[in-house]
Colleague: 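Below is the structure I would like to discuss, written out as structure tokens.
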Amino acid sequence: MTADSPTLPADPTTLGARTTAFLGRSFLHRLDELAGQTFTMAPPDEPNRSFAEFRLGLVADPRRVVEAQAKLWRDSFALWRNVLRGRRGGGLEP
């Protein structure tokens, strides 16, 4: 830090209070930005139609779902194998 930069208080209670105050001001600022804007919900049938299309896609080609799930498991195992290898002192693979 430079001589011009502010320093954080060493006291965790003071730092916590300052952080809480900052977050509160940020939240209130965002609420002020949203004031006057309208919020509308999607028509009730839109989510139902979207999920129906999604389910039809799964049923139409379940092989793709199975392949994606198998890839997820393989990638997960490879990730953890790499982590454990690194903890044992071995080299990490990219």
Colleague: Closer than 4.0 angstrom, basic N to acidic O: yes or no for Arg64 and Glu67?
Modeller: no

Colleague: According to salt bridge (Lys or Arg N to Asp or Glu O under 4.0 Å), who are the partners of Asp75, at least two apart in sequence or on a separate chain?
Modeller: Lys71

Colleague: Begin with the C-alpha distance, continue with both residues' side-chain angles, and end with the deciding distance and a verdict on side-chain contact (heavy atoms from CB on, under 4.5 Å) for Trp73 and Gln69.
Modeller: CA-CA 6 Å; Trp73 278 95; Gln69 186 69 36; 2.9 Å; yes

Colleague: What pairs of residues pass the ring pair (Phe, Tyr, Trp, His ring centres under 6.0 Å) test when at least one of them lies in residues 41-66, not counting sequence neighbours?
Modeller: none

Colleague: For the backbone of Gly16 and the side chain of Thr20, can you confirm whether one donor and one acceptor N or O come within less than 3.5 Å of each other?
Modeller: yes

Colleague: Out of curiosity, Leu84 CG to Leu79 CG, how far, rounded to the nearest 0.5 Å?
Modeller: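 One gets 9.5 Å once the value is rounded to the nearest 0.5 Å.
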
Colleague: List for me each residue that meets ring pair (Phe, Tyr, Trp, His ring centres under 6.0 Å) alongside Trp80, sequence neighbours excluded, and say none if there are none.
Modeller: none

